[in-house]
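Data block below; observations after.
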Amino acid sequence: MQEPTARRDDYESSLAQSPAKVAEFAQEPEWLIDKIQHALHKTPALVPLIVLLLSIAVFGALLGSKFFSPFALTLILQQVQIIGIVAAAQSLVILTAGIDLSVGAIMVLSSVIMGQFTFRYGLPPSVAIVCGLACGAAVGFINGFLVARVKLPPFIVTLGMWQIALATNFLYSANETIRAQEIEANAPLLQFFGNKISLGGAVFTYGVIFMIVLVMVLAYVLRQTAWGRHVYAVGDDPEAAELAGVNVRRTLISVYVLSGLICAFAGWALIGRIGSVSPTSGQLSNIESITAVVIGGISLFGGRGSVLGTLFGALIVGVFTLGLRLMGADAQWTYLLIGLLIIAAVALDQWIRKVSL
Amino acid sequence: MLFNTSRAKALCCATALGVAVLAGNAQAADTSACLITKTDTNPFFVKMKEGAVAKAKELGIDLKTFAGKIDGDHETQVQAVETCIADGAKGILITPSDSSAIVPSVEQARNAGILVIALDTSLEPIDAADATFATDNFKAGELIGAWAAARLGDEAANARIAMLDLGVSQPSVDVMRDQGFLQGFGIDLGDPNRWGDETDPRIVGNDVTAGNEEGGQRAMENLLAKDPMINVVYTINEPAAAGAYQALKSIGRENDVMIVSVDGGCPGVQNVADGVIGATSQQYPLLMASKGIEAIAAFAADGTKPMLTEGKNFYDTGVTLVTDHPVDGVESISAEEGMKLCWG
């Protein structure tokens with residue numbers, strides 16, 4: 001059926017039929033479940049925070065003062081400090097819709113460089129530490145360059161870099177451990193992050209404080225600065241970000257460099273934590289950091305989530321590990337529950353996403 | 001003859017040369033052997049490789065070495081066994097990453113007439129290999145257990161013991177050292193093939209360390225949270241012991257807790273000298289490997305198979321207690337002597 005030509009060209013009259021309101025935001029959700037979904041969408045760190053508080057409450061009720069004491073609770077912080085720092089680096093990369101499988105390897109390589117430069121070449125510890133940090137940043141730059149300029153997928157780049165950094169680490173160190181006693185006597189600066197402040201029964205190492213400050217600073221920078229918003233924009237939709245004037249390539253490279261640098265700091269903190277420089281440390285850090293990020297509610301598809309959530313995610317793992325061990329449970333139960341948490345976290349992320357559709 | 005003589009001569013010469021080269025090669029590589037370790041990075045296996053390479057050079061054996069990528073990587077080990085069969089090796093020395101999973105490929109090798117010797121870790125069943133050259137890990141545990149009990153004297157009845165084991169899968173080495181320690185200390189074992197099922201109230205708990213500093217520290221912290229009055233710590237190896245020491249130090253108890261361990265690596269023995277570790281049982285990876293190469297050489301010469309230590313189902317390469325505080329009834333050497341024998 002064809003309409004008469006005159007009527008077809010009568011644009012004005014069809015305009016009158018269209019709604020007067022041009023566009024409007026959806027109304028505030030009415031159902032409770034919608035409200036929750038909306039709140040979770042707006043505050044991504046809320047879910048891991050609730051899970052964290054719940055798990056502390058449950059283990060506290062089950063175990064009493066053994067678990068719910070300043071000593072035990074700050075012990076959890078000490079046990080997660082390394083993964084917490086590495087996971088902060090991982091968060092940055094995952095926010096850009098990437099993934100960094102080389103974080104643990106960069107961390108160990110940096111710590112080995114700090115140790116070997118001091119003890120093999122007799123450099124002052126401060127210089128060796130700067131070299132270690134520079135190494136971390138440099139490896140991060142290579143990752144970033146390959147991702148942003150050569151346009152290789154982050155998974156592939158960091159999969160390769162993981163092997164390269166670990167192999168370099170073993171070849172260079174000959175897998176020799178530098179003992180804690182030697183470091184303590186000759187280069188205490190390497191163990192800087194192992195120093196601690198005691199408040200009553202609570203024990204805070206400098207490494208723990210560093211982790212918390214780092215996460216706070218990153219949370220601020222990501223929320224409040226142009227660079228931070230660019231990171232989210234690149235992760236959400238790189239083409240749209242490019243059109244909006246974001247220098248996508250430079251942003252990506254800066255994220256990987258910063259990630260490498262943070263991993264090198266994690267390497268320094270690692271020396272403080274275990275006392276010695278051991279090339280076999282941190283072999284599973286990449287997986288553990290991704291676990292913390294995912295449980296912490298950062299979307300693996302990029303552009304969504306908060307680095308505060310990552311910290312809560314790492315703490316949830318720490319609470320489960322210590323709580324279950326204190327209850328005398330087989331360590332396998334920890335892995336099983338963490339596995340469940342990972343799947344639940346991703347399922348929840350998918351559900352929350354629906355609010356924006 | 002259709003082709004000209006100079007060409008024929010050249011061809012003959014070339015062939016003769018080729019045969020000579022091949023024959024020469026065959027003579028030099030008359031006996032070839034393989035060493036397959038768990039990893040290339042663990043100092044224990046680094047020393048094992050050193051021992052094997054040195055002995056092979058001395059006996060003129062062509063040795064190829066392989067290793068898994070990480071501890072537990074038995075797929076790469078299976079590939080290595082297959083490579084050795086294809087290569088026509090006379091003997092294989094292997095430290096299995098998985099005692100059972102590797103057995104079918106070992107069988108394949110033995111069917112091909114290859115002598116297979118397990119080093120350090122036995123196969124499951126133990127006679128799946130022609131022989132096993134290893135430390136008596138149960139005895140290694142027993143020595144440190146007996147030493148700890150003797151050192152505590154009457155206080156042993158009230159000891160608070162932390163057990164720092166290797167991994168949740170309870171590999172045989174892990175179980176034997178743990179159970180040996182408990183037996184030496186005078187604690188009733190439950191099932192001797194499992195750790196963690198004992199009911200003695202002196203045991204505070206078991207935790208796993210993965211055999212490194214990080215894991216040792218975390219496991220010790222967990223057990224200290226359970227009972228801060230722990231005064232005896234058994235550790236699967238010396239890196240785990242070093243981690244446990246860090247954890248004790250952070251609560252200021254490093255001087256009143258006794259740590260015992262097994263391994264005898266140079267940093268570990270140095271820790272005995274420094275008083276970090278009370279006593280450690282020293283094993284001899286270099287010896288295992290060189291004895292293994294000798295056995296392959298003997299097998300290649302006249303088909304003799306290696307003998308086992310009397311009363312045991314493996315060839316015992318020995319274990320010695322290293323401590324600077326000898327006790328009556330437990331034979332030991334000093335840390336200084338241990339340093340000379342350590343893997344370096």
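In what follows, every heavy atom counts, from backbone to side chain, and hydrogens, waters and symmetry copies are set aside. Convention: sequence-line order gives letters A, B, ...; per-chain numbering from 1. Quick caveat: nothing in here was measured; it's all calculated off a predicted structure.
- Identified by a heavy-atom distance below 4.5 Å to chain A, the contributing residues of residues 248-261 of chain B are Lys249(B), Ser250(B), Ile251(B), in residue-number order.
- Heavy-atom contacts from other residues, nucleotides or ligands closer than 6.0 Å to CD of Gln163(A) number more than 12.
- Judged purely by distance below 3.5 Å, without hydrogens or angles, the side chains of Gln283(A) and Asn212(B) never pair a donor atom with an acceptor atom.
- Rounded to the nearest 0.5 Å, atoms CD (Gln79(A)) and CD (Gln217(B)) are 8.5 Å apart.
- Of the two parts of Ala242(B), neither the backbone nor the side chain holds a non-hydrogen atom closer than 4.5 Å to a non-hydrogen atom of chain A.
- The contact between Gln181(A) and chain B is made entirely by side chain atoms (from C-beta outward), counting heavy-atom distances below 4.5 Å.
- Expressed to the nearest 0.5 Å, how far OG1 of Thr321(A) lies from CG of Asp207(B) amounts to 10.0 Å.
- The contact between Thr177(A) and chain B is made entirely by side chain atoms (from C-beta outward), counting heavy-atom distances below 4.5 Å.
- Heavy atoms of Glu214(B) lying under 4.5 Å from chain A belong to its backbone as well as its side chain.
- Heavy atoms of other residues, nucleotides or ligands lying less than 6.0 angstrom from CD of Glu75(B) number more than 12.
- Rounding to the nearest 0.5 angstrom, the gap separating the CZ atom in Arg218(B) from the CG atom in Leu75(A) is 9.5 Å.
- Using non-hydrogen atoms only and a strict 4.5 Å limit, the part of residues 268-282 of chain B facing chain A consists of Gln270(B), Asn271(B), Asp274(B), Val276(B).
- Here the shortest heavy-atom pairing between Asn222(B) and Leu326(A) reads O-CD2, 3.8 Å.
- With rounding to the nearest 0.5 angstrom, the CZ atom of Phe67(A) is 14.5 Å from the NZ atom of Lys226(B).
- The neighbour count for Arg194(B) CZ, taken as heavy atoms of other residues, nucleotides or ligands under 6.0 Å away, does not exceed 12.
- Heavy atoms of Ser276(A) lying under 4.5 Å from chain B belong exclusively to its side chain.
- Contact of Glu184(A) with chain B is made through the side chain alone, with heavy-atom distances under 4.5 Å.
- The residue among Lys196(A), Lys66(A), Glu176(A), Arg179(A) with the most heavy atom pairs within less than 4.5 Å of chain B is Arg179(A).
- Shown here is Phe66(B), whose CZ atom has more than 12 heavy atoms of other residues, nucleotides or ligands within 6.0 Å.
- Contact annotation for Leu63(A): neither backbone nor side-chain heavy atoms come within less than 4.5 Å of a heavy atom of chain B.
- Rounded to the nearest 0.5 angstrom, Phe71(A) CZ and Leu224(B) CG are separated by 6.5 Å.
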